[in-house]
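These notes are about the structure you will find just below.
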Amino acid sequence: MSAISDNRSVFVTDLAEEVTETALLNAFNTCGPIRSVRICRHSDDRRSLGYGYVNFLTASDARQAVHKLNFAQICGQTVKVMAAQSDRTQRVSNNANVFIKNLDKSIDTKRLYELFIPFGPIMSFKLAQEVNGLSKGFGFVQYESEESAVKAIAAMNGKQLESKSIFCSKFLSRSERSKHLVIESDNKTTHLYVKNLSDDFDDNRLAKYFQTLIGSVTSAKVYRKSGKTFGFVSVEDSDVANTAIKALDGQHLANGNTLRLTRVRKVAESLPTDRPTARNRLDGYNVYVRYLDNCFTEKRLREMFAKFGAIASAKVFAESSEWSLRTNQQNRNYGLLYGFVLFTTPEAAQKAVRLMNNALVAKRPVFVSAKSTAVSTGYPLGRHMITGPRNGRQTFAKRLY
DNA sequence: TTTGAGCGC
């Protein structure tokens, strides 16, 4: 068992760049005997990363250091001191993390801490700041226990602080939050999807059916496909929509069909919270290609697609980030590869999809689509490995999207 | 407006 991540160590952050190990030692040795100190540094040029560790001989000295030296000045800069917690999962998800926003800009890190410490022991805290140190007006306080977080939220949410009334809630990660927003927005929709209609429904009849039962229908449209009859009904407000679902979902029609009524689901991609990406700019011009072959190269990709129009760029990507492990001795790629062909016109891209999808290339079907399905393969964003032509040379390049 | 991730020899 490593002696480092136990409760005899403290994590010190917001260190000025010039703070040395000696300065750190001098600042903390008033709390008790120290085994070691460490300032974490860039591996290339040894510049300080702005945080480090002080390892005491006893847990009680470490606790005392957190208490005594949090917000102390070292080399003229206020530092934060907290119990070291190297286990990332412990730091990230204990369900005791509070998000705070709408903070008056005059509230600094220390004030934030003081406002929230009455509700229980704090594991970590952070005020979001501009590079110049000015508050961004939001921050995080993570307690040791969920109970403290619940108490803090109950007491502090809506509280007037300086010019503003603050907002506090359990912290949600970006992805959790976006799911949440989809549900919220679904609950607010005024558009309903109706299925299992009997054949005798048309637009008029559907409108009348809803009108009679719930009133205030703004539109109704019936569709028939593969022998099924379904439709969309819009109502005046989301309360009516919710009432309609409660009242009509599961109703039996005259012919015995069970009517199903649900909200029209919004897709996460269409939410206004989603930032436009570089990828969107390529929509319509870019074609995604998946193909299994051990010599699938950019040159080959260009040759395959040249007949559809001018190609701005063609790239091949390896399925796995462990690409190098999948290169055989002839330096040919094997394993799943995929690529993108960027055309200079949307017409060329459409034609490529239409004529190349499922076409046989060297006896194998090739999958060609206007939309990439590669985003869900767990790729880290940013830099990606790209195969060089035939010689298997690896280079890193930015993804196309 | 703003929903993290700084944590080691």
Side-chain angles (χ1 to χ4, degrees), chain A residues 1-17 19 21 24-25 28 34-43 46-56 62 65-66 70 74 77-105 107 109 112-113 116 122-144 149 152-153 156-157 161 163-184 268 271-275 380:
Chain A
M1 179 68 204
S2 159
I4 293 301
S5 59
D6 65 21
N7 53 12
R8 298 181 295 166
S9 297
V10 296
F11 177 69
V12 188
T13 190
D14 294 0
L15 290 169
E17 189 163 342
V19 173
E21 284 76 359
L24 197 58
L25 182 68
F28 280 81
I34 288 169
R35 276 180 300 153
S36 62
V37 297
R38 178 178 155 84
I39 287 172
C40 297
R41 297 177 179 282
H42 290 278
S43 57
R46 311 306 298 156
R47 266 186 315 127
S48 169
L49 287 164
Y51 63 86
Y53 299 88
V54 179
N55 303 306
F56 289 93
V66 173
N70 194 16
I74 302 179
Q77 192 162 306
T78 306
V79 301
K80 293 196 295 189
V81 184
M82 47 199 113
Q85 176 57 268
S86 352
D87 181 356
R88 192 179 179 279
T89 57
Q90 282 295 306
R91 292 203 309 273
V92 166
S93 56
N94 67 350
N95 209 23
N97 199 3
V98 178
F99 171 69
I100 304 124
K101 70 174 177 182
N102 215 29
L103 284 162
D104 189 277
K105 299 283 163 87
I107 294 169
T109 306
L112 180 69
Y113 180 85
F116 283 86
I122 289 172
M123 207 165 91
S124 79
F125 57 100
K126 185 173 192 165
L127 179 73
Q129 288 165 295
E130 311 283 356
V131 273
N132 62 12
L134 199 76
S135 166
K136 284 187 175 175
F138 68 96
F140 312 90
V141 172
Q142 184 162 19
Y143 290 96
E144 284 173 14
I153 292 164
M156 299 298 283
N157 186 33
L161 287 176
S163 67
K164 294 179 152 194
S165 123
I166 66 166
F167 169 92
C168 301
S169 70
K170 280 273 180 80
F171 166 80
L172 294 174
S173 71
R174 187 177 282 275
S175 62
E176 288 168 330
R177 183 166 163 71
S178 103
K179 270 185 231 151
H180 198 75
L181 286 173
V182 171
I183 293 163
E184 262 180 20
L271 284 178
T273 50
D274 282 353
R275 298 169 187 165

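From a predicted model like this one, the values you see are computed outputs, not experimental measurements. In what follows, every chain begins at residue 1, and chains take the letters A, B, ... in the order their sequences are listed.
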**Study point:** Nucleotide B:dA5, atom P - distance to CG of A:L172 in whole Å
**Key:** 14 Å
Check your understanding: Are OP1 or OP2 of B:dG8 and a side-chain N or O of A:R38 less than 4.0 angstrom apart?
Key -> no
Review point. Stacking check: are the rings of A:F140 and B:dG4 less than 5.5 Å apart at their centres and under 30 degrees in tilt?
Key: yes
Check your understanding: With sugar-phosphate meaning primed atoms plus P, OP1 and OP2, does A:M82 contact a base, only sugar-phosphate, or nothing at under 4.0 Å between heavy atoms?
Key -> base
Check your understanding: Just wondering, do A:F171 and B:dG4 stack (centres under 5.5 Å, planes under 30°)?
Key -> no
Study note, to complete from the structure: To the nearest angstrom, the CG-C1' distance between A:D87 and B:dC7 comes to 10 Å
Practice item. Report yes if a donor N or O on one partner sits less than 3.5 Å from an acceptor N or O on the other, where the partners are the side chain of A:Q142 and the base of B:dA5; otherwise report no. Key: yes
**Study point:** Rounded distance (Å) that lies between atom P of B:dT1 and atom CG of A:N102
**Key:** 6 Å
Check your understanding: From B:dT3, B:dG6, B:dG8, pick the nucleotide closest to the side chain of A:S36?
Key -> B:dG8
Review point. Is A:S173 side chain donor-acceptor paired with the B:dG4 base, going by distance under 3.5 Å alone?
Key: no
Review point. Can you tell which of B:dG6, B:dC7, B:dG4 lies closest to the side chain of A:T13?
Key: B:dG6
Point to revise | Distance, rounded to the nearest Å, where A:F138 contributes CZ and B:dT1 contributes P | key: 12 Å
Exercise for review: Please determine, for the side chain of A:V92, which listed nucleotide (B:dC7, B:dT3, B:dA5) has the closest atom?
Suggested key: B:dA5
Study note, to complete from the structure: Separation of B:dT3 atom C1' from A:F99 atom CZ, nearest Å, is 4 Å
Exercise for review: Enumerate the residue pairs fulfilling side-chain hydrogen bond (donor to acceptor under 3.5 Å, both in side chains) with a member in residues 128-143 of chain A, sequence neighbours excluded, ordered by first and then second residue.
Suggested key: A:N94-A:Q142
Check your understanding: Where do A:S124 and A:F140 land on the side-chain contact (heavy atoms from CB on, under 4.5 Å) test, with the steps shown first?
Key -> CA-CA 8 Å; A:S124 79; A:F140 312 90; over 6 Å; no
Check your understanding: Do A:F116 and A:I122 pass the side-chain contact (heavy atoms from CB on, under 4.5 Å) test, and can you show the C-alpha distance, the side-chain angles, and the key distance before you say yes or no?
Key -> CA-CA 8 Å; A:F116 283 86; A:I122 289 172; 4.3 Å; yes
Check your understanding: How close or far is atom P of B:dC7 from atom CG of A:D14, stated in whole angstroms?
Key -> 13 Å
Point to revise | Gap between atoms CG and C1', on A:L49 and B:dG8 respectively (whole Å) | key: 11 Å
Study note, to complete from the structure: Residue set satisfying ring pair (Phe, Tyr, Trp, His ring centres under 6.0 Å) with A:F125, at least two apart, ordered chain then number -> A:F71, A:Y113
Practice item. Check every atom of B:dG4, B:dG8, B:dT3 against the side chain of A:K126 and return the nucleotide holding the closest atom. Key: B:dG4
Check your understanding: For A:F167, is the NZ or CZ atom of A:K101 found under 6.0 angstrom from the centre of its six-membered ring and inside 45 degrees of the ring axis?
Key -> yes
Review point. B:dT1, B:dG6, B:dG4: which one has an atom nearest the side-chain heavy atoms of A:K105?
Key: B:dT1
Point to revise | A:H42 NE2 to B:dC7 P, straight-line distance once rounded to whole Å | key: 12 Å
Review point. A:R88 has a side chain; which of B:dG4, B:dT2, B:dA5 sits nearest to it?
Key: B:dA5
Practice item. Among B:dG6, B:dG8, B:dG4, find the nucleotide with the atom closest to the side chain of A:Y51. Key: B:dG6
Check your understanding: Going through the checks in order, is the side-chain contact (heavy atoms from CB on, under 4.5 Å) test met by A:L103 and A:K164?
Key -> CA-CA 7 Å; A:L103 284 162; A:K164 294 179 152 194; over 6 Å; no
